[in-house]
Protein chains: 2
Amino acid sequence: MKKLEEIVAKLSNVMVQMEDTAKDQFNLSNLTHTQMNYLETIHMLGNPNITELANILKLSKPTVKVAIDKFIEKDFVFKVQSDEDRRSAHLHLTEKGKLINQMHDFAHKRIAESFKGKLNDHETQTLIELLNKVLCK
Amino acid sequence: MKKLEEIVAKLSNVMVQMEDTAKDQFNLSNLTHTQMNYLETIHMLGNPNITELANILKLSKPTVKVAIDKFIEKDFVFKVQSDEDRRSAHLHLTEKGKLINQMHDFAHKRIAESFKGKLNDHETQTLIELLNKVLCK
DNA sequence: TGATTTAGTTAGTAATTACTAACTATATTT
DNA sequence: AAATATAGTTAGTAATTACTAACTAAATCA
């Protein structure tokens with residue numbers, strides 16, 4: 001029987017590979033890792049402005065501005081002027097921009113299905129319970 | 001009770017976060033994702049030459065050559081001329097270059113320990129058995 | 001109301017990452 | 001032995017990613 005840390009290493013491998021495959025299947029191979037990270041962070045923060053996004057990513061505002069301009073040009077992101085503060089604009093993902101999150105969901109679903117395919121119902125239930133326990137704070 | 005794919009999503013999050021933390025602790029924050037990938041691939045292939053590395057990474061030879069030159073300058077990699085074919089050189093990781101793999105091992109160990117801390121011995125054993133089952137081919 | 005802060009932008013610069021075309025030197029094929 | 005193929009390199013180019021300094025316009029503080 002293997003040690004848990006070896007299994008974690010293998011698990012990490014499987015997940016990275018599945019994400020890569022999903023990225024190909026969603027025709028997102030043209031996006032760099034950095035660009036994916038921008039779109040994921042915008043999704044995570046839920047329509048941040050440029051200043052908030054720059055703070056979270058620990059990048060300068062001009063850097064983020066340039067990146068966002070390119071996303072807008074490529075129709076991954078659009079801006080909505082704020083009513084409360086007319087200096088500020090909220091960043092939104094377009095349908096195309098949301099693909100990134102759908103891609104993640106797809107990869108996770110595929111992994112879950114692969115796991116279920118190798119266990120019976122009782123074992124699956126036990127795995128869910130144990131993982132739920134180790135992942136809670 | 002949550003669905004397995006939601007748990008997989010959470011698992012993915014936890015692993016990415018732990019790798020990021022480990023990267024900071026190993027003082028590797030100055031390396032880009034692309035650079036990490038080079039060093040991981042050299043480790044995985046075990047002293048490839050530039051042509052092999054370029055093929056696996058699906059990059060041109062000049063691109064890989066330039067990247068390797070920078071790694072050599074920064075003392076992450078060194079070259080060993082081949083005896084069989086004097087045109088060719090094998091790429092080796094220096095101690096500094098091997099840090100990347102130690103960093104991964106460290107992250108996996110930390111995750112495994114965190115999991116063990118939340119389960120009793122019997123549950124840990126069951127988790128190991130179930131994950132072993134889902135991760136085998 | 002005037003001074004200061006904040007959100008975003010513009011301009012100029014630099015490192016990284018990637019490419020193709022053309023080259024040298026060694027190895028293999030005919 | 002000559003022709004071809006392979007390993008690596010050099011040079012020139014381009015997109016991406018990041019920075020600082022300096023700016024405009026709007027909001028807030030004193």
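The structure presented is a predicted model; accordingly, all values stated were derived computationally and were not measured. Sequence lines set the chain letters: A, B, ... in the order given, protein chains first and strands last, and positions in each chain run from 1.
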Heavy-atom side-chain contact between A/K65 and A/S60 under 4.5 Å: no
Electrostatic pair A/K109:A/D105 at N-O distance under 4.0 angstrom: no
Between B/H92 and B/N47: side-chain donor-acceptor atoms closer than 3.5 Å: yes
Parallel, tilted or perpendicular: ring planes of A/H104 versus A/H108, cut at 30 and 60 degrees: parallel
Parallel, tilted or perpendicular: rings of A/F76 and A/F71 (30°, 60°): perpendicular
Strand contacts (DNA chain C) in residues 60-77 of chain A, 4.0 angstrom heavy-atom criterion: A/K61, A/P62, A/K65
Residues, nucleotides or ligands: over 12 heavy atoms within 6.0 Å of A/H90 NE2: yes
Flag if over 12 foreign heavy atoms under 6.0 Å of CG, A/N30: yes
Ring pair (Phe, Tyr, Trp, His ring centres under 6.0 Å) involving B/F115 - partner list, sequence neighbours excluded: none
Separation of D/dG8 C1' from B/L53 CG (nearest whole Å): 13 Å
Rounded (10°) bend between the five-pair end axes of the helix from C/dT1-D/dA30 to C/dT30-D/dA1: 10°
Other residues, nucleotides, ligands: >12 heavy atoms within 6.0 Å of B/D24 CG: yes
B/Q17 side chain reached by B/V14 side chain, heavy atoms, under 4.5 Å: no
A/E123 and its side-chain contact (heavy atoms from CB on, under 4.5 Å) partner, picked from A/D121, A/L127, A/L119: A/L119
Shared hydrophobic cluster for B/M103 and B/V77 (ILVMFWY, side-chain gaps under 4.5 Å): yes
Minimum side-chain heavy-atom gap B/I42-B/I68 below 4.5 Å: yes
Residues B/K98, B/E95: salt bridge by 4.0 Å N-O rule: yes
Those residues of residues 31-51 of chain A lying under 4.0 Å from DNA chain C by at least one heavy atom: A/N49, A/I50, A/T51
Where protein sits on nucleotides 25-30 of chain D, one letter per nucleotide: B base, S sugar-phosphate only, - none, heavy atoms under 4.0 Å: BBS---
Nucleotides bounding contact with chain B, strand DNA chain C, heavy-atom threshold 4.0 Å: C/dT16 to C/dA27
Close side-chain approach of B/N49 to B/D85, heavy-atom, < 4.5 Å: no
